[in-house]
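A quick write-up on the structure given underneath.
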Protein chains: 2
Amino acid sequence: MIELAQLRHLAAFHQSGTLSQAAEELHISQPALSRSMQKLEEELQVPLFERQKNKIRLNANGQMAVEHAQRILEDVKEMAEQVRALDRRSHTIALGNCAPAPGWSAVPVLSNLYPGMTISSEVQEIPQLIDGLRDGTYQIITLPYALADEAFYCQAAQKETLFLCLPPKHPCAQKVETGMNLEEIDGETVLLFSTLGFWHSVHVKLMPHSRFLIQHDRDTFSELVNTTMLPSFMTNLSVKYFGKNNDRVLVPLLNPEASVTFHFLCRKENYKKLKPFFRQLPKGE
Amino acid sequence: MIELAQLRHLAAFHQSGTLSQAAEELHISQPALSRSMQKLEEELQVPLFERQKNKIRLNANGQMAVEHAQRILEDVKEMAEQVRALDRRSHTIALGNCAPAPGWSAVPVLSNLYPGMTISSEVQEIPQLIDGLRDGTYQIITLPYALADEAFYCQAAQKETLFLCLPPKHPCAQKVETGMNLEEIDGETVLLFSTLGFWHSVHVKLMPHSRFLIQHDRDTFSELVNTTMLPSFMTNLSVKYFGKNNDRVLVPLLNPEASVTFHFLCRKENYKKLKPFFRQLPKGE
DNA sequence: ACGCGTTACGTGAGGCGTAAGCATA
DNA sequence: TATGCTTACGCCTCACGTAACGCGT
């Protein structure tokens, strides 16, 4: 019976060109490799090498055998990877979010309800979220709107409201009671924390003339908020989950886009398992 | 390291459904198989089975693994087959003929010139011969005409001439000196020996109204030739190689199609090796 | 009680490394 | 002389079979 060890040996010889070198790379002795190849020839009932007294090289049969061997070894590797990936998927609940906030509330709930499961949570573009829910990349996704789809269960959850975050001396800070429209500061440079998901597109849409200084490090971001006069954003949820540890004024925004209700979706066939999660989702603000 | 033995064991289990039965089919003990599967799981770092106390079955991981395993085992089998086939080809000279006669002369010559080589000779349709020469199925082919092709070397050899083989009392038997045209007996039932190659199409073309009683067994054919009044065919070459052991009259045929010159072809890159053969080919009749 | 799967234990085949031999550059 | 492949020989691992056990039907 042909064994993978022999194919590994053959492939190694093909790479190295000599038995001695291949043996070294395989961490076996050179005679062992020599015998292994002899046995492979025996089992195929076909010579794979042209041998001279102290020289050996692949013949046409051997070259064809090497090609097959490489493919087979690749396939074995792929088998291991795919099976491991499948197993991994069965132990993880993948959550795909349109913005950071839904993850803040959902991840702890999932961890509690499904101990032993790995919970993954990431922010992604909306079309990829929907595709991902369909193809199994995600078990749960969040959208900033309701989506009617035969294959999906969809439930409304938290509402997130955007506030402009201004230094007290900013001209607009006085509108803290009345609220304001985002267009009023269009053109001003704004500090943003990265991976805001769909919120980013809202900003770009309502403030087409602004420059956005995107910070990927949370500490750097906080530092900049405190040490510059630049406007930035907070939301009811970011305050709830991370607090508001600065002296900035939170001015409500009157644009309808500044307030959304997150919806959690899963494939209908998964709803049964995820029901406890959906029942425990926070509602309202 | 995963080994093919483990994949064979896994596939066997999938087929059988129980370890005991699979072990029996594999001709190993049931505990050995149990351990083998445990080791495979260990190497994949993933459970492949759902185990109850005295029950075991594949889980989702296992099912995926089985599919991969089956494919891999198929590929290994195919590797062996293809390598063996390649080796076989390198030890055989495959001769493809448009009619039986060229093989009669060529095979002994090839056997002499290339001892140790297996000589295969078969009759095939002309288009398949040409394709086969191109794709390596044949090293040498014979055609009833010259073929000019950049890739081929082509050399004329023997001429074969068709005779009508009639019982002495047949009305046409008197034309043994003058010769006759095949059309004169169109409509009569004729005895044919099988695998005549392109000759068959000649018969059908010149005698469209005749019925052909095709015999695949040479003894039966000879028997029928001798015991019936039916016409049949012989050629200068069939007489030369097999003799004419009956009392039939051989009437020459005047149709131009009744006489052909065989041409032997090989791919130009093979000509060097086959040169001795081509130089020893019989010429003329 | 029987069938099936796992664990325990001793054994033997087979693959391994070392050493020696031989041919070539 | 150095390099590289093969053969000889003894060792040791590892996969095997037998036996014993546990559990469910």
Side-chain angles (χ1 to χ4, degrees), chain A residues 1-63 65-66 69 72-73 76 80, chain B residues 1-63 65-66 69 72-73 76 80:
Chain A
M1 289 277 114
I2 296 175
E3 282 303 334
L4 284 181
Q6 296 170 306
L7 302 190
R8 292 190 190 102
H9 293 176
L10 180 64
F13 171 77
H14 174 249
Q15 261 209 328
S16 306
T18 76
L19 286 185
S20 341
Q21 196 177 331
E24 191 161 347
E25 290 177 16
L26 290 165
H27 304 294
I28 62 174
S29 70
Q30 185 271 327
L33 181 56
S34 177
R35 286 190 298 260
S36 169
M37 293 296 90
Q38 286 168 18
K39 198 165 176 199
L40 181 59
E41 288 179 294
E42 210 171 278
E43 266 154 10
L44 287 171
Q45 305 168 306
V46 148
L48 300 176
F49 302 92
E50 269 176 30
R51 295 159 202 272
Q52 282 138 16
K53 280 297 172 185
N54 63 345
K55 211 166 192 170
I56 186 170
R57 69 168 201 219
L58 292 165
N59 64 15
N61 298 332
Q63 286 172 22
V66 163
I72 290 165
L73 292 170
V76 172
Chain B
M1 290 276 115
I2 296 175
E3 281 303 336
L4 284 182
Q6 296 171 305
L7 302 190
R8 292 189 190 103
H9 293 175
L10 180 64
F13 170 77
H14 174 249
Q15 261 210 330
S16 309
T18 75
L19 287 183
S20 341
Q21 196 178 330
E24 191 162 347
E25 289 176 16
L26 289 166
H27 304 292
I28 62 174
S29 71
Q30 185 271 328
L33 180 55
S34 176
R35 284 190 300 261
S36 170
M37 294 297 89
Q38 286 169 19
K39 198 162 177 201
L40 182 58
E41 288 179 294
E42 209 172 278
E43 266 154 11
L44 288 171
Q45 304 168 307
V46 147
L48 301 175
F49 303 92
E50 270 177 31
R51 296 160 202 271
Q52 282 138 14
K53 280 297 170 185
N54 62 345
K55 211 166 192 169
I56 187 170
R57 69 167 202 222
L58 292 165
N59 65 14
N61 299 331
Q63 287 173 22
V66 163
I72 290 165
L73 293 170
V76 171

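Just so it is clear: chains get the letters A, B, ... in the order the sequence lines come, proteins before strands, and each one is counted from 1. Values reported hereafter were calculated over all heavy atoms of this structure, with side chains retained and with hydrogens, waters and symmetry mates removed.
One interatomic measurement links the two molecules: CD of B:Glu41 to P of C:dG5, which rounds to 13 Å at whole-angstrom precision. Whole-Å rounding puts the A:Gln30 CD to C:dT18 P distance at 12 Å. B:Ile56 places its CD1 atom 15 Å from the C1' atom of D:dC23, with the value rounded to the nearest Å.
Of the candidates B:Pro31, B:Ser36, B:Ser34, B:Ser34 is the only one forming a side-chain contact (heavy atoms from CB on, under 4.5 Å) with B:Leu19.
Looking at which nucleotide of DNA chain C each of A:Ile28 and B:Ser20 is closest to, the 5′-most match is held by B:Ser20. With DNA chain C read from its 5' end, the first of the two nearest nucleotides for A:Ser36 and A:Gln52 is the one closest to A:Ser36.
Taking only side-chain nitrogens and oxygens, B:Arg51 comes nearer than 4.0 Å to OP1 or OP2 of C:dT6. For the pair B:Lys39 and D:dA15, the criterion of a side-chain N or O lying under 4.0 Å from OP1 or OP2 is met. For B:Gln38, a side-chain nitrogen or oxygen approaches OP1 or OP2 of C:dT7 to under 4.0 Å. Remark: B:Ser34 is in phosphate contact with C:dT6, judged by side-chain N or O atoms under 4.0 Å from OP1 or OP2.
If you check D:dC16, C:dT6, D:dT6 against the side chain of A:Leu19, the one that comes closest is D:dT6. Comparing D:dG17, C:dT6, D:dG4 by their nearest atom to the side chain of A:Asn54 picks out D:dG4. Among the nucleotides C:dC16, D:dG17, D:dT6, the one closest to any side-chain atom of A:Ala32 is C:dC16.
The heavy-atom pair separating A:Glu3 from B:Leu4 by the smallest distance is OE1-N, 3.0 Å. Considering all non-hydrogen atoms of both residues, A:Asn59 and A:Asn61 come closest at OD1-N, 2.9 Å.
If you check distances only, the side chain of B:Arg35 does reach the base of D:dG17 with a donor-acceptor pair under 3.5 Å.
Counting only N and O atoms by type, the side chains of B:Glu43 and B:Gln6 include a donor and acceptor under 3.5 Å apart.
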